[in-house]
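Proteins come first, then strands; the chains are lettered A, B, ... in the order of their sequence lines, and each starts at number 1.
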Protein chains: 2
Amino acid sequence: MSALDEPAAPPGRYRKGVAKREAILEAALPVFGKVGFHGASLREIARSCGVSHQSLMHYFPTKDELLMAVLRRRDERLRQHFDDEGGMRLAELVALAEYNVDVPAVISLFITASAEATSSDHPAHDYYADHYDRIIASTSAYLAVAEARGWLRDGFTAESAARVVLAVQDGLQLQWLYRRDEVQVAELLRLVIGAVVTVPTEQLDAAVREQVAAAR
Amino acid sequence: MSALDEPAAPPGRYRKGVAKREAILEAALPVFGKVGFHGASLREIARSCGVSHQSLMHYFPTKDELLMAVLRRRDERLRQHFDDEGGMRLAELVALAEYNVDVPAVISLFITASAEATSSDHPAHDYYADHYDRIIASTSAYLAVAEARGWLRDGFTAESAARVVLAVQDGLQLQWLYRRDEVQVAELLRLVIGAVVTVPTEQLDAAVREQVAAAR
DNA sequence: GTCTATAGTTAGATAGAC
DNA sequence: GTCTATCTAACTATAGAC
């Protein structure tokens, strides 16, 4: 199967099945996050939500599909903003970082999966390659307005600024997983944005809105 | 075994044994990097360097110890600078990033292992937690001079600047693994440093040297 | 080479929800 | 009555360790 396709119409047509499918996804998230794709076992995931191993396989025929389903559901929040007019606002990344702090398992999953999936054999490789491309493209589109107006610090382009901000988010979340009390992800993310973009974000937001309106 | 201890006196006392140990370490690096600790198998590593499975286990009694040996050898370059007088210069991080581009397997190993090891059960957890602490401490010591002289951009402390630079390095290396042609790790790292530290690095280096000399 | 444990996956039969 | 959900059982491969 291509990693970019939606899964084939799964079981879960009965009320009970829908709930169980949900429970499996919730249970799989922290396991994949903790030990990664290769380290996770379907039997362990099944056990952790009180479902039989075979029942799990009824809903997710292969381990690959289970992982993809978990990832897709968790990246949903970010993906919603990929097609925002004028590109994805940096504030969305900050807001996500702020939200994620309350859901350590999600951060763990994201960091572990994106690192594992750099290998081209990994079931989520194509998914993540595409995911990163889209984040960069969307954020670059947003920052293009800043670049055009000379609001980026010397040397930065819209794309390099986008890559840096995304890198800081990922890197800080990694550090946060080691020292949760000492790393303020969202706060540092804001500081970096302030160091790269030379005007307040409100001003940039306004300029982007203006640009979008003018383009109609 | 504590992850921070040196391994107990290993085999490899004979000339042939030394070479074989070396070959195993070289072979294990890309495998751990590609599929992670859990995904890697000792048999595969042994096969990839023409050594029998049993022979491998003679040199590295457990999988944990093999991983630790690989990590320790590869982080050596960075660890050398932890105790630099005046703290580790940011230029060392940039130089390392520049060097690593020629050794993708090392980047892959580092990213994958540091992500996997966020789990407290992971054999390299304590090692990496300590490793990050030291990098931050050492780089913060270096940047303390900049902070004292008002050479950091508003809002940054020595530690937050250190965390940001390290985060950018990790995050960009992750992006680089997905798009090797499009991400210039060292170049972007320099840009970020330029955005956070308001004076040229030569000036900061000189100030740090001066500080060290004065402290004697 | 062997041992024991566990992995992902498959098949088939039964019981339950619609 | 039909489709879904669940369970029992087994298979094949491979893991780390001795």
Side-chain angles (χ1 to χ4, degrees), chain A residues 1 3 7-71 112-113 116-117 119 121-125, chain B residues 1 3 7-8 10-11 20-21 24-25 27-28 30-71 112-113 116-117 119 121-124:
Chain A
M1 108 180 171
R13 324 244 306 210
Y14 292 174
R15 211 172 44 254
K16 203 173 175 184
V18 175
K20 212 160 193 177
R21 215 186 117 93
E22 210 69 9
I24 294 170
L25 285 174
E26 286 298 320
L29 194 151
V31 178
F32 279 133
K34 194 170 176 53
V35 292
F37 175 73
H38 294 110
S41 94
L42 299 180
R43 286 173 172 85
E44 183 191 349
I45 293 169
R47 207 179 311 125
S48 80
C49 59
V51 162
S52 78
H53 169 218
Q54 298 78 357
S55 188
L56 187 156
M57 302 228 59
H58 173 67
Y59 292 97
F60 303 95
T62 69
K63 195 183 182 185
D64 290 19
E65 286 182 43
L66 175 57
L67 175 69
M68 290 307 299
V70 173
L71 292 181
T112 307
E116 271 189 319
S119 167
D121 302 347
H122 194 280
H125 177 83
Chain B
M1 112 182 165
K20 215 160 189 177
R21 218 186 115 92
I24 293 170
L25 286 174
V31 178
F32 280 132
K34 194 168 175 58
V35 292
F37 175 73
H38 294 109
S41 92
L42 300 181
R43 284 175 173 84
E44 183 190 350
I45 293 169
R47 205 180 311 125
S48 79
C49 60
V51 162
S52 79
H53 172 217
Q54 301 90 317
S55 184
L56 188 155
M57 300 222 62
H58 173 251
Y59 291 97
F60 303 95
T62 70
K63 195 182 181 183
D64 290 19
E65 288 183 41
L66 175 58
L67 174 70
M68 290 306 300
V70 172
L71 292 181
T112 307
E116 272 190 319
S119 167
D121 301 345
H122 194 280

Just list the side-chain donor-acceptor pairs under 3.5 Å for residues 38-50 of chain A, sequence neighbours left out, or say none.
| residue | atom | partner | partner atom | Å |
| --- | --- | --- | --- | --- |
| A:H38 | ND1 | B:V35 | O | 3.3 |
| A:S41 | OG | A:E44 | N | 3.0 |
| A:S48 | OG | A:I45 | O | 2.9 |

Partners passing salt bridge (Lys or Arg N to Asp or Glu O under 4.0 Å) against A:K20 (at least two apart in sequence or in another chain): none

For atom CD of B:E44 and atom C1' of D:dA13, their distance in whole Å: 15 Å

Qualifying salt bridge (Lys or Arg N to Asp or Glu O under 4.0 Å) pairs, either residue in residues 30-40 of chain B, two or more places apart: A:D121-B:K34

Positional range of nucleotides in DNA chain C within the contact set of chain B, heavy-atom, under 4.0 Å: C:dG1 to C:dT2

Rounded distance in Å - CZ (A:R21) to P (D:dT4): 14 Å

Check: protein-nucleotides 6-10 of chain D nitrogen or oxygen pairs below 3.5 Å:
| residue | atom | partner | partner atom | Å |
| --- | --- | --- | --- | --- |
| D:dT6 | OP1 | A:K20 | NZ | 2.4 |
| D:dT6 | OP2 | A:K20 | NZ | 3.4 |
| D:dT6 | OP2 | A:S55 | OG | 3.2 |
| D:dT6 | OP2 | A:Y59 | OH | 2.7 |
| D:dT6 | O5' | A:K20 | NZ | 3.2 |
| D:dC7 | OP2 | A:S52 | OG | 2.9 |
| D:dA9 | N6 | A:Q54 | NE2 | 3.3 |

Sugar-phosphate only, base, or nothing, as touched by A:A46 at under 4.0 Å among non-hydrogen atoms: nothing

Heavy-atom donor-acceptor pair, B:T112 side chain to B:G33 backbone, under 3.5 Å: yes

ring-ring contact (aromatic ring centres under 6.0 Å, His included) against B:F37, all qualifying residues, sequence neighbours excluded: B:H122

B:K63: partners by salt bridge (Lys or Arg N to Asp or Glu O under 4.0 Å), with sequence neighbours left out: none

Sequence-distant partners of A:E26, side chain to side chain contact (heavy atoms under 4.5 Å, CB included), two or more places apart: A:R73, A:R74

